[in-house]
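Read the structure below first, then the notes.
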Amino acid sequence: GSGESASGNGDAVSGNGESASGNGDAASGNGESSSESRDAASGSGGSGPGSDGVSSACRVVTVRDVEERRQFVRNRILDYAVYSKLLRRSFLIGNEIFFPEGLAYEDIYWGGLLNMYAGTACITDAALYHYFVNRNATILTSGANYHYDMLTVQEQLLSEYRRRGLMSEFHDEIELEFIYSCALAFWKIMALRFDEPPYSMYLLLCTYVQTHFPDVKENPYVRGGALSEYYALILGSLLEPLTKSEFTGFAVNVKKIGL
């Protein structure tokens, strides 16, 4: 329940890949080292091109205590993308990091737990993965009912945090991550994945946020300026609900500006 790793044998996670080619992160389940950041390279101990002409250097970040875990989660060292990581099977099984079955956006649940147990992250800027954007992919489909799965997955994740004793230990970090991976992400879905953004979906999100994190504006990271003015404005719209006409106009602007 402390958020520290339950397994510790250099269990590796690799990958942080966005857009066409992914950066590679690595994370291990060994939570016994420090949060220091250092450079590493395969074979030589320094950076340099590999045989394929791609630099093999990576930045290693490790975690050994609760405070360092807070910073690891708060700084979002690892994203939730599954495709861009290499993971040791024993690390996932040992820490019970699995996907909820039959739901879209299941990587949010998986990634949330991953960040609570990964003890070492090795991050490289080398392009190691070609990401093909499938326009017919689940998350890009317009008007689908399974977009509601994001809230279902979040509910399961919050329940799991409580079951493991992580919510009390890392409440502020979990709350901040909730803003990014649920409040803002679901707003993006409403604005971009529906021809006419559903007002009922928006009100559901308002209720969800106010029920789980009614004092989110008092979060120390939020008060410290973690959110941009734009993100803070969107968060505010969930705490003080807009009228239907206000919501429609707001959604148009979100669609234009993006999230």
Side-chain angles (χ1 to χ4, degrees), residues 18-19 73-74 76 79-81 100 102-109 111-112 133-162 167 170-259:
E18 297 302 327
S19 66
V73 175
R74 181 263 178 270
R76 312 187 86 197
D79 63 17
Y80 289 177
L103 296 170
Y105 302 102
E106 67 275 25
D107 53 342
I108 294 174
Y109 180 96
V133 179
N134 179 6
R135 295 302 175 186
N136 296 317
T138 299
I139 63 171
L140 297 181
T141 303
S142 298
N145 286 332
Y146 54 68
H147 289 307
Y148 284 95
D149 286 1
M150 178 176 285
L151 296 185
T152 304
V153 168
Q154 283 285 348
E155 187 67 31
Q156 292 185 353
L157 178 59
L158 294 178
S159 295
E160 188 63 14
Y161 281 149
R162 294 187 187 97
M167 180 63 80
F170 301 100
H171 175 275
D172 294 340
E173 293 72 32
I174 290 172
E175 186 175 54
L176 180 65
E177 183 55 37
F178 174 86
I179 295 173
Y180 291 119
S181 63
C182 184
L184 297 177
F186 205 67
W187 235 116
K188 178 179 179 180
I189 289 173
M190 293 187 296
L192 302 183
R193 302 293 178 253
F194 291 86
D195 295 332
E196 294 185 13
Y199 187 58
S200 61
M201 180 180 274
Y202 162 70
L203 292 179
L204 176 62
L205 179 59
C206 289
T207 299
Y208 193 81
V209 172
Q210 293 171 29
T211 298
H212 286 288
F213 297 106
D215 301 317
V216 64
K217 278 193 171 182
E218 300 305 313
N219 181 285
Y221 299 115
V222 173
R223 289 174 63 85
L227 301 181
S228 66
E229 184 177 355
Y230 177 48
Y231 283 177
L233 181 65
I234 293 175
L235 179 62
S237 75
L238 300 174
L239 300 173
E240 298 179 13
L242 307 171
T243 65
K244 187 172 184 179
S245 60
E246 289 172 337
F247 165 72
T248 300
F250 199 97
V252 169
N253 288 327
V254 170
K255 189 170 186 177
K256 286 180 180 179
I257 298 172
L259 258 178

Gap separating the [atom1] atom of [X] from the [atom2] atom of [Y], nearest 0.5 angstrom:
{"X": "Leu176", "Y": "Phe170", "atom1": "CG", "atom2": "CZ", "answer": "14.0 Å"}
{"X": "Tyr105", "Y": "Ile189", "atom1": "OH", "atom2": "CD1", "answer": "3.5 Å"}
{"X": "Leu157", "Y": "Thr152", "atom1": "CG", "atom2": "OG1", "answer": "12.5 Å"}
{"X": "Glu106", "Y": "Gln156", "atom1": "CD", "atom2": "CD", "answer": "11.0 Å"}
{"X": "Asp172", "Y": "Glu177", "atom1": "CG", "atom2": "CD", "answer": "13.5 Å"}
{"X": "Asn253", "Y": "Thr248", "atom1": "CG", "atom2": "OG1", "answer": "11.5 Å"}

Can you see which heavy atom on [X] is nearest to which on [Y], and at what distance?
{"X": "Ile234", "Y": "Val254", "result": "CD1-CG2, 4.5 Å"}
{"X": "Tyr230", "Y": "Gly258", "result": "OH-O, 2.8 Å"}
{"X": "Pro197", "Y": "Ala251", "result": "CG-CB, 3.7 Å"}

Qualifying residues under side chain to side chain contact (heavy atoms under 4.5 Å, CB included), relative to Thr211, sequence neighbours excluded: Thr207
Which residues share a side chain to side chain contact (heavy atoms under 4.5 Å, CB included) with His171, sequence neighbours left out: Met167, Glu175, Phe213
Any pair counted as side chain to side chain donor-acceptor pair (under 3.5 Å), so long as it reaches residues 181-192, sequence neighbours left out: Gln154-Ser181, Trp187-Ser237
